[in-house]
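Before any comments, here is the structure.
Because the structure is predicted, anything quoted here is derived from the model rather than measured. In the text below, chain A, chain B and the rest are named by the order of the sequence lines, each starting its count at 1.
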Amino acid sequence: MAGEELVEISLPDGPRRKVAAGSRAGDVLRAWRPEEAPRYLAALWDGKAVDLSAPLTHDGRLAPLAFGDRAGREILEHSSAHLVAKALVAAIPDAKPTHGPPTEDGFFYDFEVRPLTPADLDVMRASMQLAVAAKEPFRRREISKEDARSLFASNPYKLRYIAEAPDGEPVSVYDTGSFTDLCRGPHVPDTGWLAGIHILGTSAIVPEEGGGVPLQRVRGVGFPSRAELDAYLKLRAEAEARDHRGIGTRQELFYFVDEAPGCPIWLPRGMVLIHELERYVREHLAASGYLEVRTPLLFARSVFETSGHWDHYRENMYVSEVEGREFGWKPMNCPGAMLVFGSRARSYRELPMRLAEFAPLHRFEASGTLSGLTRVREMVQDDAHIFVSEDQVEPEIRVLLEWIRQAFTTFRLDWSYELSTRPAKFLGEVAQWDRAEATLQKLLDESKVDYKVSPGEGAFYGPKIDIHIRDSLGRPWQTGTIQLDYQLPARFHLQYQGSDGQLHTPIVVHRTILGTWERFLGVFIEHCAGRFPPWMAPLQVRVLPVTAAHATGAQGVVDELAAAGLRVELSGTEESLAKRVRSAELDRIPYVAVLGDRELAEGNVSVRIRGTKESRSFSRAEFLAHLTERVRSRAFDP
RNA sequence: GCCGCCGUAGCUCAGUCGGUAGAGCGGCUGAUUUGUAAUCAGCAGGUCGGGAGUUCAAUCCUCUCCGGCGGCUCCA
């Protein structure tokens, strides 16, 4: 071994080291920063993630990866998936592992195996903990494709991956104790790194390709330590406490009955939320040249045949038969808007013609997809259809993008954009689609926002820009949408007379801003944890007289605030003040005003503002001014 | 729709290894008149999601239907 070759390794921030060729990445990193090395779980070698045990055989750049790095986290999640596979195969030997990638916030591993029971998971958890304690190394081996084929002879999924690997090159496998998995790697050094592994659940999935054999997916998260897992589980439990379904019940906003699955029953307090959203949107409509219409909920089948819904959306529609004639419950407002535009001759002077409609829509969503308010069968959109000429498309959409920005900022939501393009089932011509997609893309680029492109996800009549917001558990939901449609106006034979005297077909921009009241509120309730901004709060002020002797004086304050249009109520005095304060706090009421001898003598109110423990003294006039300002400005916090 | 789990009082949940059920909160009544997150006492609420089967007996076991939850797929 004398006279061994040296290779030059460049480390982050510049230092270079000459080390023996074949030195392990982990050893070089440890020599470089011994105190931080225990956090390193893998390495980047010339930009490619490798095991710490990877030999460095040529000159190159080396950098450490820790759990805090995106790539490092993915390696740990992926290694956790391996540990799940090891545990599951140990528990159920004929299980066939398929693949187990990291995801945005964890990992999953899919298996061809009988449905898993909670007892299976208990067995797996115990076996995983044993493996963690044993610190079993992830040992990489490179073997020929032939050897791999015989090793995985009983697993068609692995055989397919082997077949897809380049010929003539070895494939890598990793041994973890007695378990061997085909895998490109890299992995954490040993299972001791997976002390924070946790199975979140299992579900059946139908693989995209393959012969329709359902697979069982085990989902989980991995952390380098138990403490980090506990912190994650605590955050998750807090997120679950914000679940809009629980808040809806506790605050009596809405509920569901078995007899109307997917159709929320809105209670008086929930209706306040809807009315405030409507008011908010209508203010914008009034300021932006919209006209509001109302069109039928039921249309004869022929209308939907014209619109294309009958061919393209029928499986999601409710249909009724009356006097032998088929009617469809509208799943969208577009057909009605088309009829309104076509109800008489139109001039270019009427464009852009912006028709808004807040009508109940019915969509038959598959039973398994329903989910509280976020996925329902009866919904109301803040919908509008804007009829424009070709040169009005871009300015109109620019205004919409700006309105979306403003609206979601008001609600302090994080939103993201998605550009969805031509689906497999589509109307019209490819060239027109391409042009429409290019227009939307250009406008998004121009507004300098990040967006994701989702090929094939467009509506059947046109491409769209969708807005997504996330619920408390991080699940994304589509809300606002801007859809560019060259198809429906033509199908409805809509025309307007241009300044050139010729007849032209208008283009339609379908758009919602908040999406549907239902889904928007579902997500927003979780976002604000039921602590609604004062302008939305079902009850804005509760006035608490200290004793019955103060009730009359308190009523005066209630009357004063109510006269100013505020939602205010007087509490009884049957319960202790402390109890009533607590109740108001639990009801998430933004302002609690206490009136006793002191306040009545001085003409003040003691106000407890939601989110603060101490009360603040206001004169009555100050309190009213404060409230009306917060409400009028639609401030997020009281 | 698919897979798994779940369904007990208005809400949150306990319980019965098969012998028709209990708590807390909420509600009602009474006493207390209260100074910023729970005053005390009493009372009323349930054919244990629906139906069928097994059994002397089913809320509990089996089947089925309905609904919910987590995923898959789909979507505002």
[X] side chain to [Y] main-chain N or O, any donor-acceptor pair under 3.5 Å?
| X | Y | answer |
| --- | --- | --- |
| A/R242 | A/E526 | yes |
| A/R588 | A/R610 | no |
| A/R377 | A/A260 | no |
| A/R375 | A/R519 | no |
| A/D587 | A/I589 | no |
| A/R630 | A/D637 | yes |
| A/K330 | A/A359 | no |

Heavy atoms, side chains only, cut-off 4.5 Å: are [X] and [Y] in contact?
| X | Y | value |
| --- | --- | --- |
| A/F108 | A/P101 | yes |
| A/F411 | A/M536 | yes |
| A/I525 | A/V523 | no |

Taking [atom1] from [X] and [atom2] from [N], how many angstroms apart are they, rounded to a whole number?
| X | N | atom1 | atom2 | result |
| --- | --- | --- | --- | --- |
| A/F520 | B/C75 | CZ | C1' | 18 Å |
| A/L116 | B/G70 | CG | C1' | 14 Å |
| A/E112 | B/G4 | CD | P | 15 Å |
| A/N316 | B/A76 | CG | P | 10 Å |
| A/I205 | B/U73 | CD1 | C1' | 10 Å |
| A/L521 | B/A76 | CG | P | 18 Å |
| A/H309 | B/C75 | NE2 | C1' | 13 Å |
| A/L361 | B/C75 | CG | P | 16 Å |

Next item on the list: Tell me which of A/A260 and A/Q478 sits closer to the 5' end of RNA chain B, going by the nucleotide each one is nearest to.
Entry: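 So the residue in question is A/A260.
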Note to self: Assuming nearest nucleotide by heavy-atom distance, tell me which of A/A459 and A/T369 is located more 5' along RNA chain B.
What the structure shows: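 Checking each residue's closest nucleotide, the 5'-ward one belongs to A/T369.
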Please write out each protein N/O paired with an N/O of nucleotides 7-11 of chain B under 3.5 Å, distance rounded to 0.1 Å.
none

Margin query: From C-beta outward on A/R519, which listed nucleotide comes closest to its side chain: B/G68, B/A76, B/G71?
Written below: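 That would be B/A76.
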Check: A/P115 has a side chain; which of B/G1, B/G68, B/G4 sits nearest to it?
Finding: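 It is B/G4.
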Checklist line | Contacts of type side-chain hydrogen bond (donor to acceptor under 3.5 Å, both in side chains), residue A/H510, not counting sequence neighbours | finding: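 A/H385, A/D485.
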Pairwise [atom1] distance, [M] and [N] [rounded to whole Å]:
| N | M | atom1 | value |
| --- | --- | --- | --- |
| B/A44 | B/A23 | P | 12 Å |
| B/G10 | B/G46 | C1' | 12 Å |
| B/G50 | B/C43 | C1' | 31 Å |
| B/A14 | B/U55 | C1' | 27 Å |
| B/C48 | B/U39 | C1' | 34 Å |
| B/U32 | B/U20 | C1' | 40 Å |
| B/C60 | B/C6 | P | 14 Å |
| B/G71 | B/C28 | P | 38 Å |

Presence of [X] side-chain N/O under 4.0 Å of [N] phosphate oxygens OP1/OP2:
| X | N | result |
| --- | --- | --- |
| A/R219 | B/G70 | no |
| A/R363 | B/C74 | no |
| A/R475 | B/C72 | no |
| A/R114 | B/C3 | no |

Look at all strands and tell whether [X] reaches a base, only sugar-phosphate, or nothing, counting heavy atoms closer than 4.0 Å.
| X | result |
| --- | --- |
| A/G372 | sugar-phosphate |
| A/T479 | sugar-phosphate |
| A/E259 | nothing |

Check: For every nucleotide of nucleotides 32-37 of chain B, 5' to 3': is a protein heavy atom under 4.0 Å from its base (B), only from its sugar-phosphate (S), or from neither (-)?
Finding: -BBBBB
Next item on the list: Any pair with a residue in residues 236-263 of chain A that passes ring pair (Phe, Tyr, Trp, His ring centres under 6.0 Å), sequence neighbours left out, goes on the list, sorted by first then second residue, please.
Entry: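 Sorted result for residues 236-263 of chain A: A/F254-A/W266.
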Item checked: Distance-only side-chain donor-acceptor flag, A/S606 / A/E599, under 3.5 Å ->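 Checked: A/S606/A/E599 side chains pair up, N/O donor to acceptor below 3.5 Å.
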Next item on the list: Classify the side-chain pair A/T512/A/D383 by whether it contains a donor and acceptor separated by less than 3.5 Å.
Entry: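 No, no side-chain donor-acceptor contact under 3.5 Å.
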Margin query: Apply the syn/anti split at 90° from 0 to B/G45 and say which one it is.
Written below: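 Syn conformation for B/G45.
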Checklist line | Strand-adjacent residues in residues 373-386 of chain A, judged by heavy atoms under 4.0 Å from RNA chain B | finding: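 Going residue by residue through residues 373-386 of chain A, the ones with a heavy atom under 4.0 Å of RNA chain B turn out to be A/R375, A/V376, A/M379, A/Q381.
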Notebook entry, point to check: In dot-bracket, 5' to 3', how would RNA chain B read with Watson-Crick or G-U wobble pairs under 3.5 Å, [ ] for crossing ones and | for pairs to another strand?
Noted result: (((((((..((((.....[..)))).(((((.......))))).....(((((..]....))))))))))))....
Checklist line | Chi angles and distances behind the side-chain contact (heavy atoms from CB on, under 4.5 Å) call for A/E315, A/F364 | finding: CA-CA 7 Å; A/E315 63 277 15; A/F364 178 75; over 6 Å; no
Margin query: Exactly one of A/F520, A/W517, A/W403, A/F524 should register a ring pair (Phe, Tyr, Trp, His ring centres under 6.0 Å) with A/Y280. Which one does?
Written below: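 Checked A/F520, A/W517, A/W403, A/F524 against A/Y280; only one passes ring pair (Phe, Tyr, Trp, His ring centres under 6.0 Å): A/W403.
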